[in-house]
Amino acid sequence: MMGGVGAVLFSHLLLHAVVALDNGLGSTPAMGYNSWYDYGCSGDLNETNIMATADALVKSGLSKLGYVYVNLDDCWASGRYTNGTVYPDAKRFSKGMKALADYVHSKAFTLIVEPGRAQNDLAVRIMKKSMPIHTLSGE
């Protein structure tokens, strides 16, 4: 049986634990969608399907449950410009990455574009150039 001092101490610790969790930080893990799990390097990885995925995250209610990221993983790029910038596959992303990012941001998500490990030697060239991974956020 807990005495008066023990009960007060326990209540005090419990109160502080709740307050510490009530700051909004770390209340959920980073949550979002990753294209690799649906499309991998298939031809179905394209702007139409990524936009439809953003719509589905909203329609299903996942955006209200903490999903904030749409991660475009691997196999979206088809090469590099001479300045080293990676560019998207023009057939599958005909509107360009800015248009895709604008659409995803309009749904209140952050678009993360990763170079990934392509099945060709693009990933090797990316790593040799030490290309940073950029996050395209709406902020």
Taking the side chain as every heavy atom from C-beta outward, state whether [X] and [Y] have any atom pair closer than 4.5 Å.
X: Asn71; Y: Tyr37; answer: no
X: Asn34; Y: Val70; answer: no
X: Ile50; Y: Leu45; answer: yes
X: Leu57; Y: Lys107; answer: no
X: Asp74; Y: Glu114; answer: no
X: Ser60; Y: Tyr67; answer: no
X: Asn49; Y: Tyr39; answer: yes
X: Leu72; Y: Trp36; answer: no

Practice problem: Considering only NZ, NE, NH1 and NH2 on the basic side and carboxylate oxygens on the acidic side, decide whether Asp102 and Lys98 come within less than 4.0 Å. | Solution: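 Salt bridge present between Asp102 and Lys98.
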
Residue pair [X] / [Y]: nearest heavy atoms and the distance that separates them:
X: Cys75; Y: Gly40; result: CB-O, 4.2 Å
X: Phe109; Y: Ala54; result: CE1-O, 3.6 Å
X: Glu47; Y: Gly96; result: OE1-N, 4.0 Å
X: Ser78; Y: Pro88; result: OG-O, 3.4 Å

- [ ] Look only at the side chain of Asp44 and the backbone of Ser42, and say whether a donor-acceptor pair between them is shorter than 3.5 Å.
- [x] no

| query | With distance as the sole test, does Thr110 use its side chain to make a donor-acceptor pair with the main-chain N or O of Tyr69 at under 3.5 Å? | reply |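 No, because the side chain of Thr110 does not come within donor-acceptor range (under 3.5 Å) of the backbone of Tyr69.
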
Original post:
How far apart are the C-alpha atoms of Phe93 and Leu100, what are their side-chain angles, what is the distance that settles it, and do they pass the side chain to side chain contact (heavy atoms under 4.5 Å, CB included) test?
Top reply: CA-CA 8 Å; Phe93 297 92; Leu100 179 61; 4.0 Å; yes

*asked:* Run the side chain to side chain contact (heavy atoms under 4.5 Å, CB included) test on Thr48 and Arg92 for me, step by step, so that the C-alpha distance in whole Å, both residues' side-chain angles and the decisive distance to 0.1 Å come before the verdict.
replied: CA-CA 8 Å; Thr48 302; Arg92 293 184 290 141; over 6 Å; no

Run the side chain to side chain contact (heavy atoms under 4.5 Å, CB included) test on Met97 and Val113 for me, step by step, so that the C-alpha distance in whole Å, both residues' side-chain angles and the decisive distance to 0.1 Å come before the verdict. CA-CA 9 Å; Met97 299 309 278; Val113 180; 4.0 Å; yes

Practice problem: With side chain to side chain donor-acceptor pair (under 3.5 Å) as the test, would you mind laying out the steps for Tyr33 and Asp38 before giving the verdict? | Solution: CA-CA 10 Å; Tyr33 169 81; Asp38 280 335; 2.8 Å; yes

